[in-house]
Amino acid sequence: VIFMLKVFLTEDESVVREGLRDSIPWSDCGYIFAGEATDGEMALPQLLEIRPDVLITDIKMPFMDGLELSRIVSRELPDTHIIILSGYDDFEYARQAIELHVDQYLLKPIMKADMVAALERTRRHIEEAREQKSYSLKYALEALEIERNAFFEKLVNAASPQADLLSEAEALHIDI
């Protein structure tokens, strides 16, 4: 495990919440248990502050349910991956979770092995996404360097009109 991911748990049933919190070997799975809440309304301010890599949330809770919380988290913290826990084998809930791009949808009761497997799958998704973002950034920086070098070559050789060079410099964020 190269880096530890932060995980946050939102579950209104204290037996389920405490059971997950206390029985999952978080650090063995590459996670730091960063916090917990009993419903979405209590979780939201903590999530915005902690900015976890993974949110595990029950789907049905008082005040703000897991779907509404997932909607807000998807919008405000787009890099946070979501695992939904549900006591409802209802296609409509699953459909809404899919629309929200939820990583995992687990039915209760949740076995420790199932949660560990879900955490491992989510971790792989996060690693793949970060790797892809890193490659994209690397290639974007290389492309920018090539464009800047071509610009400086034109500038030195006076190969373009001054107005064109000034406009190109501005586009490349080069202060002349």
Side-chain angles (χ1 to χ4, degrees), residues 1-140:
V1 174
I2 299 168
F3 54 88
M4 299 292 272
L5 298 172
K6 292 185 286 188
V7 65
F8 191 94
L9 174 62
T10 307
E11 167 63 65
D12 63 322
E13 295 176 52
S14 60
V15 172
V16 175
R17 188 179 64 256
E18 292 166 7
L20 287 171
R21 179 192 67 207
D22 299 340
S23 71
I24 302 299
W26 300 105
S27 61
D28 292 350
C29 297
Y31 290 87
I32 295 169
F33 189 84
E36 63 186 280
T38 56
D39 66 67
E41 200 170 85
M42 289 180 66
L44 188 57
Q46 293 180 66
L47 291 167
L48 294 173
E49 182 179 328
I50 294 169
R51 305 182 74 79
D53 300 290
V54 178
L55 166 63
I56 301 170
T57 184
D58 187 11
I59 202 162
K60 282 296 239 180
M61 298 176 292
F63 308 112
M64 182 191 297
D65 69 21
L67 287 172
E68 182 59 26
L69 179 61
S70 296
R71 260 185 216 91
I72 295 168
V73 167
S74 293
R75 185 179 64 238
E76 300 295 323
L77 303 169
D79 292 333
T80 297
H81 293 251
I82 301 169
I83 298 173
I84 285 190
L85 311 177
S86 179
Y88 304 90
D89 190 3
D90 182 334
F91 178 74
E92 182 55 27
Y93 287 131
R95 186 192 65 72
Q96 289 181 52
I98 289 167
E99 280 182 10
L100 293 169
H101 305 289
V102 166
D103 283 55
Q104 309 281 324
Y105 187 92
L106 304 176
L107 289 176
K108 292 178 181 178
I110 293 147
M111 305 304 292
K112 178 180 172 180
D114 294 336
M115 179 54 77
V116 168
L119 288 166
E120 288 173 357
R121 284 190 301 271
T122 301
R123 180 179 187 69
R124 279 196 304 277
H125 292 161
I126 292 169
E127 288 172 350
E128 289 165 5
R130 287 182 177 176
E131 198 171 293
Q132 184 151 359
K133 196 180 272 188
S134 173
Y135 284 137
S136 297
L137 181 60
K138 177 184 172 194
Y139 290 121

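The model shown is predicted, which means the values in this text are computed figures rather than measured ones.
- Checked by atom type and distance alone, the side chain of T10 never pairs as donor or acceptor with a backbone atom of G40 at under 3.5 Å.
- A heavy-atom distance below 4.5 Å is not found between the side chains of V16 and D58.
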Verdict with supporting geometry, R124 and E120, salt bridge (charged side-chain N to carboxylate O under 4.0 Å, His left out): CA-CA 6 Å; R124 279 196 304 277; E120 288 173 357; 5.1 Å; no
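- A97 approaches L67 most closely through the heavy-atom pair N-CD2, 4.1 Å.
- You'll find the side chain of L100 stays beyond 4.5 Å of the side chain of I82, heavy atoms only.
- Listed here is the closest heavy atom pair of A37 and R17: O-CD, 3.7 Å.
- Looking at heavy atoms from C-beta onward, M64 lies in side-chain contact with I72 at the 4.5 angstrom threshold.
- Interatomic distance, CZ of F63 versus CG of L44, reported as 15.0 Å (0.5 Å rounding).
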Criterion side chain to side chain contact (heavy atoms under 4.5 Å, CB included) on I59 and D65, from CA distance to verdict: CA-CA 6 Å; I59 202 162; D65 69 21; over 6 Å; no
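- Taking CZ of R71 as the reference point, atom CD of E99 lies at 8.0 Å (rounded to 0.5 Å).
- Between M115 and I56 there is a side-chain heavy-atom pair separated by less than 4.5 Å.
- Rounded to the nearest 0.5 Å, atoms OG (S70) and CZ (R75) are 12.0 Å apart.
- Within the 4.5 Å cutoff, side-chain heavy atoms of K112 are placed close to those of P25.
- Within the model, atoms CG of L55 and CG of L77 stand 9.0 Å from one another, a figure rounded to the nearest 0.5 Å.
- Counted within 6.0 Å of CZ on R51, heavy atoms from surrounding residues, nucleotides or ligands total 12 or fewer; the atom is thus considered open.
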L85/E11 under side chain to side chain contact (heavy atoms under 4.5 Å, CB included): CA gap, chis, key distance, verdict: CA-CA 9 Å; L85 311 177; E11 167 63 65; 4.0 Å; yes
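- When side chains are defined from C-beta on, K133 counts as touching D79, because their heavy atoms get closer than 4.5 Å.
- Two residues are said to be in side-chain contact when any heavy atoms from C-beta on lie closer than 4.5 Å; D103 and R121 fail this criterion.
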Evaluation steps, side chain to side chain contact (heavy atoms under 4.5 Å, CB included), between L119 and I83: CA-CA 8 Å; L119 288 166; I83 298 173; 4.1 Å; yes
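- Only one option out of R130, H125, R123 pairs with E127 in a side chain to side chain donor-acceptor pair (under 3.5 Å); it is R123.
- For T57 against G66, the heavy-atom pair with the smallest separation is OG1-CA, 3.7 Å.
- A distance-only check finds a donor-acceptor pair linking the side chain of D53 to the backbone of K6 [under 3.5 Å].
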CA sep, side-chain torsions, deciding dist, call: I24, V7, side chain to side chain contact (heavy atoms under 4.5 Å, CB included): CA-CA 12 Å; I24 302 299; V7 65; over 6 Å; no
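- Between W26 and Y31, the angle of the ring planes goes over 60°, which puts this pair in the perpendicular group of the 30/60° scheme.
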